[in-house]
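The model shown is predicted, which means the values in this text are computed figures rather than measured ones.
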Amino acid sequence: MKLEHIQIQTNNILKTTAYYQDVLELSIIRKNENSVSIQAGNSILKFVENSSFKSIYHFAFNIPENKLDEAIKWCKNKVDLILIEDQNVITNFENWNAQAVYFYDNNGNLLEFIARHDINNSQTTEFNSKSILNISEIGIVNENPLELGNKLIEKYGLNFFSKNTNTEAFAAIGNDEGLLIIVKPNRNWYPTQTPSEKNKTEVRLENNGIFTDLQF
């Protein structure tokens, strides 16, 4: 499953555009006074301005499985990586065979670079913004994660993520290429103390050649 297009909100389109263009060095492919579309590898991240919006989102980018250390160095003068424990910024997801680092964008959104070692996507070139391969996760907040997951599976032929232990509080739909991370409201977004909130989110995903537009 691939996340082709994600649409979320920002309360300041100018600052958001500047952050993704100047800090993360991603290409702006469309922009007007109310929205901006950003190329993130094979995915498009679109922000729509809502001046009263005060919440945050969580999403992740896949990076080459052998480039996490280089990504950390690349981030050094750009963003403050979140410390997990013992002054370490790397989280090891043993069940997922993946490692990740976390940071905030200008909106306070929780972003993640994740290197998934079961994907054959290693690169030899030095890490830069073009090493960001795609949007690999988007957080969806729902009162009943398992129930929503089962509805999506039944209606659109999707699957629960086989490496995840799906529960009433946390469920994942998709695979290493793309995941809908479904959590209950007020569950803290790992590794922060920021509780999850339900926010308008639009997702276009591709699964086995079929494109599906979802609104949450």
Side-chain angles (χ1 to χ4, degrees), residues 1-3 6 8 19-20 23-24 26 40-41 43 45 55-123 126-129 131-141 145 149 160-197 199 201:
M1 189 178 91
K2 295 179 180 177
L3 302 177
I6 304 293
I8 57 179
Y19 176 87
Y20 283 86
V23 179
L24 293 191
L26 296 173
S43 304
L45 174 63
S55 188
I56 65 113
Y57 294 87
H58 166 52
F59 50 97
F61 298 107
N62 272 345
I63 63 169
E65 67 92 17
N66 63 330
K67 291 293 180 179
L68 190 67
D69 288 342
E70 286 186 26
I72 291 169
K73 292 176 184 175
W74 183 80
C75 287
K76 189 172 184 181
N77 296 317
K78 295 176 173 292
V79 299
D80 293 323
L81 295 177
I82 297 172
L83 289 173
I84 309 301
E85 57 183 26
D86 300 328
Q87 302 302 303
N88 189 12
V89 296
I90 299 175
T91 296
N92 294 297
F93 295 107
E94 292 184 8
N95 291 346
W96 292 19
N97 195 21
Q99 295 174 294
V101 294
Y102 295 84
F103 56 97
Y104 298 106
D105 73 359
N106 65 291
N107 306 284
N109 294 320
L110 177 63
L111 276 57
E112 174 184 354
F113 282 160
I114 184 163
R116 301 179 188 272
H117 301 304
D118 289 336
I119 304 181
N120 182 19
N121 62 7
S122 61
Q123 292 184 358
E126 187 176 354
F127 186 92
N128 58 39
S129 62
S131 306
I132 295 171
L133 301 173
N134 59 287
I135 300 171
S136 71
E137 298 175 10
I138 178 67
I140 305 296
V141 181
F160 282 119
F161 186 36
S162 60
K163 298 176 185 177
N164 188 57
T165 302
N166 298 292
T167 69
E168 295 286 350
F170 180 102
I173 297 283
N175 55 32
D176 283 324
E177 294 285 355
L179 290 169
L180 302 176
I181 303 292
I182 311 172
V183 304
K184 288 180 81 75
N186 298 314
R187 182 186 188 275
N188 287 348
W189 287 120
Y190 177 86
T192 75
Q193 299 301 308
T194 304
S196 58
E197 293 181 306
N199 296 315
T201 307

- Between atom CG of L179 and atom CD of E137, what is the distance when rounded to the nearest 0.5 Å? 5.5 Å
- Item | Test applied, side chain to side chain contact (heavy atoms under 4.5 Å, CB included); reference residue, S136; option that passes from E112, K2, E177, R116 | R116
- Task: Examine the side chains of D105 and Y20 and answer whether a donor and an acceptor come within less than 3.5 Å of each other.
- Result: yes
- Please name the residue in the list I114, L68, L133 that meets the side chain to side chain contact (heavy atoms under 4.5 Å, CB included) test with I63. L68
- Task: Pick out which of N109, I56, L110 makes a side chain to side chain contact (heavy atoms under 4.5 Å, CB included) with T194.
- Result: I56
- Task: Among I90, L111, T192, I82, find the one that has a side chain to side chain contact (heavy atoms under 4.5 Å, CB included) with Y102.
- Result: I82
- So, N62 side chain and D176 main chain: donor-acceptor pair closer than 3.5 Å or not? yes
- Answer with yes or no whether the side chains of N66 and S122 bring together a donor and an acceptor at under 3.5 Å. no
- Message: Any donor-acceptor pair under 3.5 Å linking the side-chain atoms of Y190 with those of T91?
- Response: yes
- Would you please name every residue forming a ring-ring contact (aromatic ring centres under 6.0 Å, His included) with Y19, sequence neighbours left out? none
- Donor-acceptor pair, T201 side chain versus N199 backbone, under 3.5 Å? yes
- Which class fits the ring pair W189 and H58: parallel under 30°, tilted 30 to 60°, perpendicular over 60°? tilted
- Message: Check this for me: K78, atom NZ, are more than 12 non-hydrogen atoms of other residues, nucleotides or ligands nearer than 6.0 Å?
- Response: yes
